[in-house]
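Per chain, numbering begins at 1; letters A, B, ... match sequence-line order. All values below come from the heavy atoms of this structure, side chains included, with hydrogens, waters and symmetry mates left out.
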Protein chains: 2
Amino acid sequence: MNLKELSEKLGISQTTVSRALGGYPEVSETTRQSIEAAAQRYGYFPNRRAAGLATGRSNMIGHILPKSTQHEMVNPIFGDFVAGAVETYSSRGFEMFLSQVSDQDEGATYRRLLQTAVVDGVIVQGPRANDPRIQTLTEMGLPFAVHGRSSGVNVPYNWVDVNNKSSFLRATEFLLDLGHRRIALINGFEDMDFAMRRRNGYIAGLQNRGIEIDPSIMKSQEMTEIYGYHQTRDMLTSDNPPTAILVSSLISAIGVRRAIEEAGLTMGKDVSVITHDDELSYLRNGETVPIFTATRSSVRDAGKHVANILIDQIENPNSLPQTQLLEAQLVVGRSTGPAPGSK
Amino acid sequence: MNLKELSEKLGISQTTVSRALGGYPEVSETTRQSIEAAAQRYGYFPNRRAAGLATGRSNMIGHILPKSTQHEMVNPIFGDFVAGAVETYSSRGFEMFLSQVSDQDEGATYRRLLQTAVVDGVIVQGPRANDPRIQTLTEMGLPFAVHGRSSGVNVPYNWVDVNNKSSFLRATEFLLDLGHRRIALINGFEDMDFAMRRRNGYIAGLQNRGIEIDPSIMKSQEMTEIYGYHQTRDMLTSDNPPTAILVSSLISAIGVRRAIEEAGLTMGKDVSVITHDDELSYLRNGETVPIFTATRSSVRDAGKHVANILIDQIENPNSLPQTQLLEAQLVVGRSTGPAPGSK
DNA sequence: AATGATGCCCAAAGCGCTTTAAATCTTACT
DNA sequence: AGTAAGATTTAAAGCGCTTTGGGCATCATT
């Protein structure tokens, strides 16, 4: 059933049927009702491709999955972030488009997405410092919003980010206050902007108290469970093991705990751990009392916010870019305690 | 730049340009080359909406995210499954469409997707026994492929599934051979087809050896870490604790391990554990030697296969449904050992 | 009674592409 | 030279929708 057939069946012009269904005012209430009833009865919905062709809008938001071997974007937070974004999309009449692309072609892909008119805007994930995508997209005029920020980019753009620096600064101070002096950092890849900021927070925390930075206990890699395990095991068997560890991801923190327990030590007593907690739906950090003391910020909420900001931009193309800095909570769990040997 | 402009610039008809770019044979090699060069130079790509309108194809595959409170489809395997599917899509010229929908509207959504001509086919995830979606989609004539199967449905349809029953049968037998007689099952929701099959495998394994089934050590719920932890903790403190546990998900197995260690016991010695391992990219089950003995089958590969089967169906609408039963490996790790007290 | 508003409705153009049917140009063969 | 067959190319018709620019009643205003 298409518009033409429906309008013939009703003996009403396509124009009027289209308007009635589109909610436009220049249709009398009686005809509108009969049209809506008929549409309902025949299960009619406008063909989105045709509508898009006519209006120039697709009501789709693109997400690009870089297909690189190095950084695995299909990480645990991907699912929750997408779930948040999709929730917003569906409530605002949009849908999500996902495409995979080799790393170096990302610019070309955006250009193609714009040229082929398949999305109204895109979400940029995993920004690095001076991320070239922001420049490219700005020049192209394809609406976009970034999950995270990109240090060094000074054109205005839409973004939503957690205050990574202040989170890790506070976490570091919390450990210092507990008497810890040797604090390790198990971070993500430091060309990722969020990881850089976390490191900066950590360093600032130590320096404020005049503690020397030791690169040998600052790790940086993709945040898997195994990675957390390895780094912790290695550090715990070194000459000068840390008494506390700051971890960038709950997944890695699980590996950290495994290494601590395997070494016959107790987390929260012999070694304190603070992790960043994205509040993943299937991997909660404990219940009422968190397993890990954590800097907590829901990645799902971030997804909702980014999506909203992008849709605002699409619906109102001349509006100024919006930004949103989410403050993480520092929640205390059972993985932290006074430094061993401190009075 | 659109087709009209490009063809005017070249002084060649739109027809020929379209054919040259589409790779049709009735274009001379010389004109084809000049057309391709020009398209390249101007960054021309055909507008997909317009092309879709003309051909009736969208080259998009739909995934539906049910938005229910009970079952969380954005589970850890979602990301990897999607990554696998998207890999196939991108190699075969398709893209992914994701939409969220409240549980009860799923039928209506499929109908809408078909009517609005937005996808060429859909992937069905998380099938239950007698899943009504299969019937609906078959009747509608919207191509689809299922990740998993649906017991009780006897129309033919496209599916890819792991042999859940035989995996859990083998795992059970493996534990029995090690002398375990009290084996618990921590399963997913048993209205999910895969969970039902796993339970059947487990039960068959026990019954083959004449061991009585004890419902009090057969658990069924959403497979989170916390769930694995709770169930294990409760069972270990009961009168008649199990000496071995079969777990349906690595995430829950992590919780199982936590409970075992918290009880002061050793996994692989006091309590044996076998988990199903979906080979999640960010949550590997150890390295050369697995942490957990596991029934292993890559969910990412499953995503690739399902996508391929669906695209085959779309490109060849009259072909018969394809099915694929993947056999899981039983890989031995450090979480299993002889039953305590067995000679 | 003539005029201007207002409310409803419609015909037709146009979005950018693919593809059918037909035209033109070559080449091959009598 | 004349013609059929084959190779290229083109004009034009859709695909199904939205939206512009009128048109025709109806109603209130001078």
Side-chain angles (χ1 to χ4, degrees), chain A residues 1-36 38-39 42-60 93 95 111-120 315, chain B residues 1-36 38-39 42-60 93 95 111-120 315:
Chain A
M1 169 75 56
N2 61 25
L3 181 59
K4 192 172 167 211
E5 289 161 23
L6 181 63
S7 68
E8 279 167 0
K9 204 145 254 169
L10 282 161
I12 299 181
S13 77
Q14 296 187 36
T15 309
T16 302
V17 175
S18 171
R19 281 198 179 125
L21 263 25
Y24 288 85
E26 53 277 82
V27 181
S28 75
E29 201 47 40
T30 45
T31 48
R32 179 189 306 282
Q33 292 193 351
S34 72
I35 290 171
E36 271 169 359
Y42 296 111
Y44 170 78
F45 290 95
N47 180 312
R48 291 256 309 246
R49 276 200 296 260
L53 189 55
T55 58
R57 282 266 306 264
S58 67
N59 286 298
M60 272 205 232
E95 263 133 349
R111 217 168 295 281
R112 192 172 54 74
L113 281 183
L114 182 62
Q115 162 73 36
T116 60
V118 81
V119 300
D120 294 334
E315 294 185 337
Chain B
M1 170 75 56
N2 59 25
L3 180 59
K4 192 172 169 213
E5 288 161 24
L6 180 63
S7 68
E8 280 167 0
K9 205 146 255 169
L10 283 160
I12 298 182
S13 77
Q14 295 187 36
T15 309
T16 302
V17 175
S18 170
R19 281 198 181 125
L21 264 25
Y24 288 85
E26 53 276 81
V27 180
S28 75
E29 203 43 45
T30 45
T31 47
R32 180 191 305 282
Q33 293 193 351
S34 73
I35 288 171
E36 271 169 359
Y42 295 113
Y44 170 77
F45 288 95
N47 180 311
R48 290 255 310 246
R49 275 200 297 261
L53 189 55
T55 58
R57 282 268 306 267
S58 66
N59 286 300
M60 273 205 231
E95 264 134 349
R111 220 168 292 282
R112 193 172 53 73
L113 281 183
L114 182 62
Q115 163 73 35
T116 60
V118 81
V119 300
D120 293 335
E315 293 186 336

From dC17(C), dT19(C), dA11(C), pick the nucleotide closest to the side chain of Ala50(B)?
-> dC17(C)

Using modelled atom types only, decide if a donor and an acceptor are shared between the side chain of Arg48(B) and the backbone of Ala117(A) within a distance under 3.5 Å.
-> no

Under 4.0 Å: is that the gap between some side-chain N or O of Asn47(A) and OP1 or OP2 of dG16(D)?
-> no

Tell me which nucleotide among dT18(D), dG16(D), dT19(C) gets nearest to the side chain of Ser18(B).
-> dT19(C)

Given the options Thr16(B), Val17(B), Val27(B), Arg32(B) meets side chain to side chain contact (heavy atoms under 4.5 Å, CB included) only with Val27(B)

Is there a side-chain contact between Phe45(B) and Leu21(B) (heavy atoms, below 4.5 Å)?
-> no

Which of dC17(D), dC10(C), dG16(C) is nearest the side chain of Ile12(A)? It is dC10(C)

Nearest whole angstrom, please: distance from the C1' of dC25(C) to the CD of Glu26(B).
-> 16 Å

Whole-Å gap separating C1' (dC17(D)) and CZ (Arg57(A)) = 15 Å

Rounded to the nearest angstrom, tell me the gap between atom CZ in Arg48(B) and atom C1' in dT18(C).
-> 15 Å

Spacing between Glu5(B) atom CD and dC17(C) atom C1', to the nearest angstrom = 13 Å

If you check the Ser13(A) side chain, which of dG14(C), dC10(C), dT10(D) turns out closest?
-> dC10(C)

Separation of dT8(D) atom C1' from Arg32(B) atom CZ, nearest Å, is 12 Å

Between dC17(D), dC17(C), dT9(D), which nucleotide has the shortest distance from any of its atoms to the side chain of Tyr44(B)?
-> dC17(C)

Quick note, Leu3(B) side chain, CB onward, closest among dT19(C), dT18(C), dC15(C) is dT18(C)

Quickly work out the Arg49(B) CZ to dG14(D) P distance and round it to whole Å.
-> 24 Å

When the nearest nucleotide of DNA chain D is assigned to Ala51(A) and to Pro25(B) on a heavy-atom basis, which residue is associated with the more 5' position?
-> Pro25(B)

Leu6(A) CG to dT18(D) P, straight-line distance once rounded to whole Å | 12 Å

Taking atom types as they are modelled, is there a donor-acceptor pair under 3.5 Å from the base of dT19(D) to the side chain of Thr15(A)?
-> yes

Mind calculating the distance between CE (Met1(B)) and C1' (dC17(C)) to the nearest angstrom?
-> 16 Å

Got Leu53(B) and Arg49(B) here, is their nearest side-chain heavy-atom distance under 4.5 Å?
-> no

May I ask you to test the Lys9(A)-Tyr42(A) pair for a side-chain heavy-atom distance under 4.5 Å?
-> yes

Heavy atoms under 4.0 Å, any strand shown: does Ser28(B) hit a base, just sugar-phosphate, or nothing?
-> sugar-phosphate

OP1 or OP2 of dT19(D) less than 4.0 angstrom from a side-chain nitrogen or oxygen of Tyr24(A), does that happen here?
-> yes

Nucleotide of dT19(D), dC17(C), dC17(D) approaching Arg19(A) most closely (side-chain heavy atoms) | dT19(D)

Gap separating the CE atom of Met60(B) from the CE atom of Met60(A), nearest 0.5 angstrom | 4.0 Å

Report which part of the nucleic acid Thr55(B) touches: base, sugar-phosphate, or nothing (heavy-atom distance under 4.0 Å, all strands).
-> sugar-phosphate

